[in-house]
Amino acid sequence: MLNDSTAEYYRRLVSEGVGRVARTVAGTSRPFTGVTPGELAPLVDGIDLDRPLGDPAAALDELERVYLRDAVYFHHPRYLAHLNCPVVLPALLGEAVLSAVNSSLDTWDQSAGGTLMERRLIDWTAARIGLGRAADGVFTSGGTQSNLQALLLAREEALRLLRKNSPTPPPVSEMLPKLRVLTSEAGHFSVLKAAKLLGLEPGSVISVPCDGDRRMRADHLARELRRCREEGLTAMAVSATAGTTDFGSIDPLPEIAELCQEAGTWFHVDAAYGCGLLASTTRRHLLKGIERADSVTVDYHKSFFQPVSSSAVLVRDGATLRHATYHADYLNPARSAEKRIPNQVDKSLQTTRRFDALKLWLTLRIMGADAVGALFDQVVDLAADTWRILEEDPRFTVVTRPALSTLVFRYSPGADAGGADETAVDLANLHAREALAASGEAVVAGTVVDGRHHLKFTLLNPETTTDDIRAVLDLIAGHAQEHLASSAARRSGSPAA
């Protein structure tokens, strides 16, 4: 146990573990080893957890074999797949401190200064967004939880208004089936999940079409809001996105805000990805309109380069957080609120909760917001350069010009494919991604656009260069061409060249 008598042992133990990680990272030449579940599972399954090794060095040796050696390393410049970022060093310092002290951010008597620091960071973020002096919020485990809580508040506010405006308040069982959530067809799946968890009807989430840049079409949103009103349905929320997962697209926030205001509908902005623009000194204008939101999701563990987890949900009117408040006599009795004791559990869906805010706190105090914003600007600049590379490369087609740092593209050899149809090209793209991962040379993501398989770069590493991009594109093309040649040879009955 960590205490005054073991403090020195703790220091040596953690130093040895950090040393192992540092040596592994320093010696990492690829983002992934290409290990398969079939290869790794027997090693893990073969460990007898009822027979401890009793020696930290032996445990760390074992850890290298089953984890460190084959981990996917997001810090590598050729990890180009998902919204996983390399992390800044001040945040790692925060991680070490918060794990050791182990504060729980549910009540004041378990966290003291941590409570005030988290609240200060919420105020700082709300000010960056422009939500106003009544704003509030709380840290969460991630964007999915943030979106869930935001839609919970939206649901409760919609029910409150329905009761208020009805001569005879209807029962919840009568109101719930009429609630609807509107979101872009490129929005995050967590909106659908939240609707189910909140007891809404199947089909309660209305998918609004996007334009060619994969942004929600405001005219279609207006049409759907009008249809809800005409059919006696209640649009409880519009969930806009500032940085879609696949395309990094930013919905037209000012227009959506105006429509929500006219309809009396809760306006939520999922800025889990695009929140990095809040720290940018050159691109903050891309979030114009977010200041009119009723709630906002931010993921610092995406574009603020923080370790998982570090996220928050913020609201324009802090009073709406009461919908998540429950008082337990043993933890946060009602008299605590009367005495103005700051218990964060009064705002949170979680009870026990890590002091994840410390990581962002130390990042801002050591590096500063401008430095974080500059890192995000670098990857957005890189995405623009990558788009030009793809546009000029006849081997690929790219879906849309990026607003942030993701690009969705497809190996499309055209006439050089030897008569390959679109299905064959689909399989070539799938094969290229799998072969690339198996080689460990790079990791890219995949998605489906208009029924066709595409590849995706998610650029969140400022150390990635255009030389890395070109090298990975050559690898993708090589694997895809090889697959098409093999397939053509099998069809003709002749051996592949």
Side-chain angles (χ1 to χ4, degrees), residues 129-131 143 146-148 150-155 157-159 161-162 176-196 198 200-275 277 285-297 313 315-316 399-401 403-404 449-450:
I129 295 171
L131 291 178
S146 294
N147 287 343
L148 171 62
L151 292 177
L152 166 67
L153 304 183
R155 184 194 70 180
E157 283 296 293
L159 294 177
L161 290 172
L162 285 170
L176 276 181
K178 297 182 179 181
L179 297 184
R180 296 293 182 268
V181 178
L182 296 90
T183 191
S184 138
E185 62 183 351
H188 198 260
F189 71 88
S190 60
V191 174
L192 288 165
K193 182 182 287 189
K196 183 174 183 179
L198 293 173
L200 304 187
E201 292 285 296
S204 61
V205 177
I206 298 173
S207 179
V208 180
C210 291
D211 61 18
D213 291 324
R214 310 292 160 163
R215 304 162 75 238
M216 186 193 299
R217 286 187 55 174
D219 57 337
H220 281 262
L221 174 62
R223 186 181 308 162
E224 291 295 341
L225 286 168
R226 184 168 57 252
R227 183 176 66 83
C228 285
R229 185 170 61 253
E230 292 170 350
E231 295 180 5
L233 304 172
T234 298
M236 80 174 211
V238 172
S239 180
T241 311
T244 58
T245 303
D246 271 349
F247 304 101
S249 50
I250 300 173
D251 289 334
L253 303 181
E255 292 93 330
I256 295 172
E258 195 66 30
L259 290 170
C260 288
Q261 182 175 338
E262 292 171 1
T265 297
W266 184 281
F267 176 32
H268 174 63
V269 178
D270 178 357
Y273 175 16
C275 65
L277 296 171
H285 63 279
L286 295 178
L287 291 179
K288 182 180 179 182
I290 196 172
E291 69 281 356
R292 299 177 64 182
D294 293 293
S295 57
V296 178
T297 287
V313 60
V315 294
R316 164 177 299 284
V399 175
T400 187
R401 189 168 191 161
L404 296 178
V449 180
D450 300 330

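Residue indices begin at 1 and follow the sequence shown. Here the structure is a predicted model, which means the values were calculated and not measured.
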Going by heavy atoms in the side chains, are [X] and [Y] under 4.5 Å from each other?
{"X": "T265", "Y": "C228", "result": "no"}
{"X": "V449", "Y": "F247", "result": "yes"}
{"X": "E262", "Y": "L225", "result": "no"}
{"X": "L198", "Y": "V181", "result": "no"}
{"X": "R223", "Y": "V208", "result": "no"}
{"X": "F189", "Y": "T245", "result": "no"}
{"X": "E224", "Y": "R227", "result": "yes"}
{"X": "V313", "Y": "V296", "result": "no"}

Kindly compute the distance separating [atom1] ([X]) from [atom2] ([Y]), expressed to the nearest 0.5 Å.
{"X": "H268", "Y": "L182", "atom1": "NE2", "atom2": "CG", "result": "13.5 Å"}
{"X": "T244", "Y": "D251", "atom1": "OG1", "atom2": "CG", "result": "7.5 Å"}
{"X": "T241", "Y": "I250", "atom1": "OG1", "atom2": "CD1", "result": "10.5 Å"}
{"X": "L286", "Y": "L277", "atom1": "CG", "atom2": "CG", "result": "5.5 Å"}
{"X": "L151", "Y": "E157", "atom1": "CG", "atom2": "CD", "result": "13.0 Å"}
{"X": "H220", "Y": "D211", "atom1": "NE2", "atom2": "CG", "result": "9.5 Å"}

Are E231 and K178 close enough, and set up right, to give a salt bridge (Lys or Arg N to Asp or Glu O under 4.0 Å), and what steps lead you there? CA-CA 9 Å; E231 295 180 5; K178 297 182 179 181; over 6 Å; no
Quick one: which of T183, L148, D270 gives a side chain to side chain contact (heavy atoms under 4.5 Å, CB included) with V191? T183
Quick one about T400 and D213 (side-chain donor to acceptor, distance below 3.5 Å, no hydrogens or angles considered), yes or no? yes
Do T297 and N147 pair up side chain to side chain, a donor and an acceptor below 3.5 Å, judged on atom types alone? yes
Of all heavy-atom pairs between [X] and [Y], which one has the smallest distance, and what is that distance?
{"X": "T234", "Y": "L162", "value": "OG1-CD2, 3.7 Å"}
{"X": "A195", "Y": "V205", "value": "CB-CG2, 3.5 Å"}
{"X": "M216", "Y": "C210", "value": "N-SG, 4.0 Å"}
{"X": "A240", "Y": "F267", "value": "CB-CE1, 3.8 Å"}
{"X": "S204", "Y": "L179", "value": "CB-O, 3.6 Å"}
{"X": "S295", "Y": "W266", "value": "OG-NE1, 2.8 Å"}

Is a side-chain donor or acceptor of S249 paired with a backbone partner of R214 at a separation under 3.5 angstrom? yes
Without swapping roles, check the side chain of R180 against the backbone of P177 for a donor-acceptor pair under 3.5 Å. yes
Yes or no on side chain to side chain contact (heavy atoms under 4.5 Å, CB included) for E255 and L221, after CA distance, side-chain angles and deciding distance? CA-CA 10 Å; E255 292 93 330; L221 174 62; over 6 Å; no
Worked check of salt bridge (Lys or Arg N to Asp or Glu O under 4.0 Å) between R226 and D219: CA-CA 11 Å; R226 184 168 57 252; D219 57 337; over 6 Å; no
